[in-house]
Every structure is written in structure tokens, then in C-alpha cells.
Amino acid sequence: MKTSEKRGHRSRIALVNAVPVTVFLLVLFVYPIIGVLSLSLEGDSGGFTLHWYTDALSGVNLSVLLSTLRISAETALLSLLVGFGLAHAIARMRPVFAALAMLIVVVPHFISALVRTYGWIIMLGEHGLINSLATSVHAPGAPYSLLYNETGVVIGTTSVMLPYTVLVLQGAMRGVDGRLLAAAAGFGASRLTIFRRVYLPLVAPGIGTAGLLSFILCLGYYITPALMGGDKQTVVAALIDQQVMKQDQWNSAAAFGVILLLLTFAGLGVLGLAKLRRTRAHARRSGS
């Protein structure tokens, strides 16, 4: 009886301690989401309507949404390509040099995104560093148009998402047991085979997580696309800003916010299903 009473007492204490956290989450996270959802379903006369979602998924608004998805996918892919090489190199370094390399990768992320974006504008401009170098070596087509288009937006957003990608991938690569690679080499496997059949499957969960993280963060990113994309390259975040600040269309902006939230949940669901499939496949292999 004493043991059961102690357990019951601990359970009541745990519930009491959980109340402030629950209230905090409800007030700061759940309530705003419910408010945005209700606003997106509210018509001009106050009744229920799906007009704002229909408007968001048609015409120019739909093209902006598709453009945002494309830019996010391109950013995630480019971040993975560059981040994989960086993370792989860092994972093979000695701890001291690896820590220094990670510092070099992460520290620029602590600088204001606005400052970094203006830095890229200076570098990618017609008379910037990149075009000046390309012109000096007589590169074909130089100077290049690298600003106020999709190319400039992808370059800028990739620089912002790259630290996240490297951190996730480097953690996954550090967890790879080197003895597995050595065993595969001992059985005569080539480097390409070891990479494709052993190394890549082991870091695949990290690749999926890093790519999805970059994609989700880029969906709602505003500063870099607004400055480096200009009026010709609008993304959903910039469109929401225009609707709220210039057009006073809070309902339409709320509908776009809900759509972005659903896309985020969809991405998380795909990642969860992939992890579940890998777990089941591993369980079947272990059972057999």
C-alpha cells in the first residue's frame, strides 16, 4: 500500500508540474494556430467560406506557391550536395580540427541574416567579386545575372540553410562505425561499392532529416528571397507580407499560413513513414 501511495503521489506531482508547461504550449502555440485557421475560414460577412483557399490555389497565387516549393526543393538539394562534402570532410578530421571547421561553418550563422544577405548582394552584383573574377578570366557569358532572379534566391537561401545541413549530416556521419567500412574493404569491396552499399545507407536517415529541415525552413523564409529576388521573384512569405501590410487581407494571408503548415506536416509525415519502413525492414532482417 505504501508503494502504491508513493506512486500515486508522484503521479499527482508530475501532473501538477506539467500544468504550467501545458498552459504555455496552449497559449503560445495551439491558440495562435487555431486563430489563424479560423481567420482563414472566415468570409467578409463573418460566415464560413473556403474562398481564401480557392484564391490561394489558383491564378498568380498558385504560381507563387509552386515557385516557393521549387525554390525550397532546389535549396534543399544544393544544401545537401554542398553540405555532404563538407560534413564528410569534417567527420574524417581529428577532433581538434573538426571542432575548428564546425566553428567556421556555424559562426557566420550568428551574424544577422540581413547583413549576410547584403554581403551576397555585393558579391553577386554586376560589378561584384564573382562577376569581376569571371570577367577577368574571360569566362563565356560573363558578367552573369545572379541577382533578382531565382538563381540569386537559391544561392542566398542555400547559404542560410547550409549550417543546419552540415550539423545534421556531421552528426549522422560521426555515428557510422568505421569497423563496418573496414570489414567491407577486407572482403574486397571497392571504395565506390563501400560508399554505395554500406556508407550511404547508414547516413541516409541524416540525409533525409537534413534535406527536409532545409526544405521546411526555406518554405517560410522571408528576408533573403525578398532582398535577392526582387519584385520579379516573389515567394509565399513575401506575398503574405504584401497582403497584410499593403492590402489588409488578413484572411488570405492566414490561408497561405495554413497551407504552409500543412505542407510542413506532410513533409514530417513522409519522413516519419520512411523511418517506420526502415525500422520494419530492419526488424524483418533481424528476425530472419
Side-chain angles (χ1 to χ4, degrees), residues 55-86 105 108-109 111-166 210-247 249 252-253 255-257 259-260 263-264 267:
D55 184 64
L57 297 175
S58 61
V60 177
N61 291 336
L62 178 60
S63 66
V64 172
L65 179 60
L66 294 177
S67 176
T68 303
L69 292 173
R70 184 177 64 253
I71 290 173
S72 299
E74 292 169 350
T75 299
L77 180 60
L78 188 58
S79 298
L80 285 176
L81 291 176
V82 178
F84 190 93
L86 282 174
V105 171
H109 189 69
I111 302 173
S112 170
L114 188 62
V115 174
R116 283 179 289 147
T117 301
Y118 278 120
W120 276 109
I121 290 175
I122 294 173
M123 288 185 63
L124 299 178
E126 184 177 354
H127 302 288
L129 177 62
I130 295 178
N131 274 321
S132 296
L133 290 174
T135 303
S136 64
V137 298
H138 304 287
Y144 306 110
S145 179
L146 300 175
L147 277 180
Y148 311 119
N149 51 33
E150 187 168 323
T151 302
V153 173
V154 172
I155 292 174
T157 51
T158 299
S159 69
V160 176
M161 303 304 162
L162 191 58
Y164 298 107
T165 306
V166 173
L212 182 61
L213 180 63
S214 298
F215 180 81
I216 290 175
L217 291 177
C218 193
L219 277 178
Y221 197 60
Y222 171 73
I223 295 177
T224 300
L227 293 178
M228 299 184 68
D231 297 332
K232 298 180 180 179
Q233 192 63 53
T234 305
V235 294
V236 170
L239 184 61
I240 291 175
D241 178 71
Q242 293 176 7
Q243 290 177 338
V244 171
M245 304 301 296
K246 298 180 181 179
Q247 303 175 14
Q249 287 286 352
S252 180
F256 271 111
I259 291 172
L260 291 181
L263 289 173
T264 300

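Here the side chain of N61 pairs no donor or acceptor atom with the backbone of V64 at under 3.5 angstrom. At least one donor-acceptor pair closer than 3.5 Å links the side chain of S136 to the backbone N or O of L133.
Rounding to the nearest 0.5 Å gives a distance of 10.5 Å between CD1 of I71 and OG1 of T158. Note: T157 OG1 to M228 CE = 8.5 Å, rounded to the nearest 0.5 Å. Here CD1 of I130 is found 4.5 Å from CG of L124. Values are rounded to the nearest 0.5 Å. Taking OG1 of T117 as the start and CD1 of I111 as the end, the distance is 11.5 Å to the nearest 0.5 Å. In this structure, L65 CG and S58 OG are separated by 11.0 Å, a value rounded to the nearest 0.5 Å. Between the CH2 atom of W120 and the OG1 atom of T224 there is a distance of 10.5 Å, given to the nearest 0.5 Å.
For Y118, the OH atom sits in a loose shell: 12 or fewer heavy atoms of surrounding residues, nucleotides or ligands are nearer than 6.0 Å. The number of heavy atoms from other shown groups lying within 6.0 Å of CD (E126) does not exceed 12.
Between L114 and L227 there is a side-chain heavy-atom pair separated by less than 4.5 Å. Counting heavy atoms from C-beta on, the side chains of L162 and L86 come closer than 4.5 Å.
For A253 against I240, the heavy-atom pair with the smallest separation is CB-CG2, 3.9 Å. Annotation for G128 and S132: closest pair O-OG, 2.6 Å, computed over non-hydrogen atoms. In terms of heavy atoms, V160 sits closest to P163 at O-CD, 3.4 Å. Here the closest heavy-atom approach between residue L212 and residue G267 is recorded as CD2-O, 3.2 Å.
Residue pairs meeting the salt bridge (Lys or Arg N to Asp or Glu O under 4.0 Å) criterion with at least one member in residues 139-165, sequence neighbours excluded: R70-E150.
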| query | Under the side chain to side chain contact (heavy atoms under 4.5 Å, CB included) criterion, do V60 and S63 qualify, and how do the steps go? | reply | CA-CA 5 Å; V60 177; S63 66; 4.1 Å; yes
| message | Between I259 and L57, does the side chain to side chain contact (heavy atoms under 4.5 Å, CB included) criterion hold? Intermediate values first, please. | response | CA-CA 9 Å; I259 291 172; L57 297 175; 4.0 Å; yes
| query | Stepwise, does the side chain to side chain contact (heavy atoms under 4.5 Å, CB included) test hold for T68 with L239? | reply | CA-CA 11 Å; T68 303; L239 184 61; over 6 Å; no
| request: Could you walk me through whether H109 and R116 pass side chain to side chain contact (heavy atoms under 4.5 Å, CB included), step by step? | output: CA-CA 9 Å; H109 189 69; R116 283 179 289 147; 3.9 Å; yes
Show the atom names and distances, to 0.1 Å, of all donor-acceptor pairs under 3.5 Å that link a side chain in residues 214-222 to residues at least two apart or in another chain.
{"residue": "S214", "atom": "OG", "partner": "T165", "partner atom": "OG1", "Å": "3.0"}
{"residue": "S214", "atom": "OG", "partner": "A210", "partner atom": "O", "Å": "3.1"}
{"residue": "Y222", "atom": "OH", "partner": "D241", "partner atom": "OD2", "Å": "3.3"}

